[in-house]
Amino acid sequence: MAEQLEAVLLFCATEWRTLPEIAAAVGREPSTVRTKYLKPLLESGQVVRKYPDNPRHPHQAYRAADAKEGG
């Protein structure tokens, strides 16, 4: 599972990515990505939400915490 977590971090390293984009990039279902990959990465602070005060925002996206601030 560490390889998948690293793949998510790399995919989100340079720009905001949506859940469907991340799921397609790692070849997993969005529900799996949300629970198995994004949740632990968010909890550990390695990934941040574009809309942190609204986790269910319709345009929610994610990026690596150490990524440069983007649009």
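Quick note: numbers below take in every heavy atom, side chains included, and nothing from hydrogens, waters or symmetry partners.
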K.L.:
Let me check something: any side-chain donor-acceptor pairs from residues 21-33 under 3.5 Å, sequence neighbours excluded? List them with distances.
P.N.:
from, atom 1, to, atom 2, distance (Å)
E21, OE1, T18, N, 2.8
E21, OE1, T18, OG1, 3.4
R28, NE, Y37, OH, 3.1

K.L.:
Drop me the distance from C12's SG to L38's CG, to the nearest 0.5 angstrom.
P.N.:
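Taking SG in C12 and CG in L38, the distance rounds to 7.0 Å.
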
K.L.:
Do L10 and M1 belong to the same hydrophobic cluster, where Ile, Leu, Val, Met, Phe, Trp and Tyr are linked whenever their side-chain heavy atoms lie under 4.5 Å apart, directly or via other members?
P.N.:
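No; M1 is not reachable from L10 via cluster members.
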
K.L.:
Of all heavy-atom pairs between G45 and A65, which one has the smallest distance, and what is that distance?
P.N.:
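It is O-CB, 3.0 Å.
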
K.L.:
Using the rule that Ile, Leu, Val, Met, Phe, Trp and Tyr join whenever any side-chain heavy atoms are under 4.5 Å apart, tell me whether L41 and V48 fall into a single cluster.
P.N.:
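As far as the 4.5 Å side-chain criterion goes, V48 and L41 are not connected within one cluster.
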
K.L.:
Is any side-chain heavy atom of R63 closer than 4.5 Å to one of V47?
P.N.:
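Of all side-chain heavy-atom pairs linking R63 with V47, none is under 4.5 Å.
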
K.L.:
Evaluate whether atom CD of E43 has more than 12 neighbouring non-hydrogen atoms of other residues, nucleotides or ligands under 6.0 angstrom away.
P.N.:
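Result for CD/E43: enclosed.
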
K.L.:
Could you check whether any side-chain N or O of Q60 sits under 3.5 Å from a backbone N or O of N54, counting only pairs where one atom can act as donor and the other as acceptor?
P.N.:
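Yes.
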
K.L.:
For a 4.5 angstrom cut-off between non-hydrogen side-chain atoms, does R17 reach Y62?
P.N.:
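Result no, sub-4.5 Å side-chain heavy-atom pair not found.
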
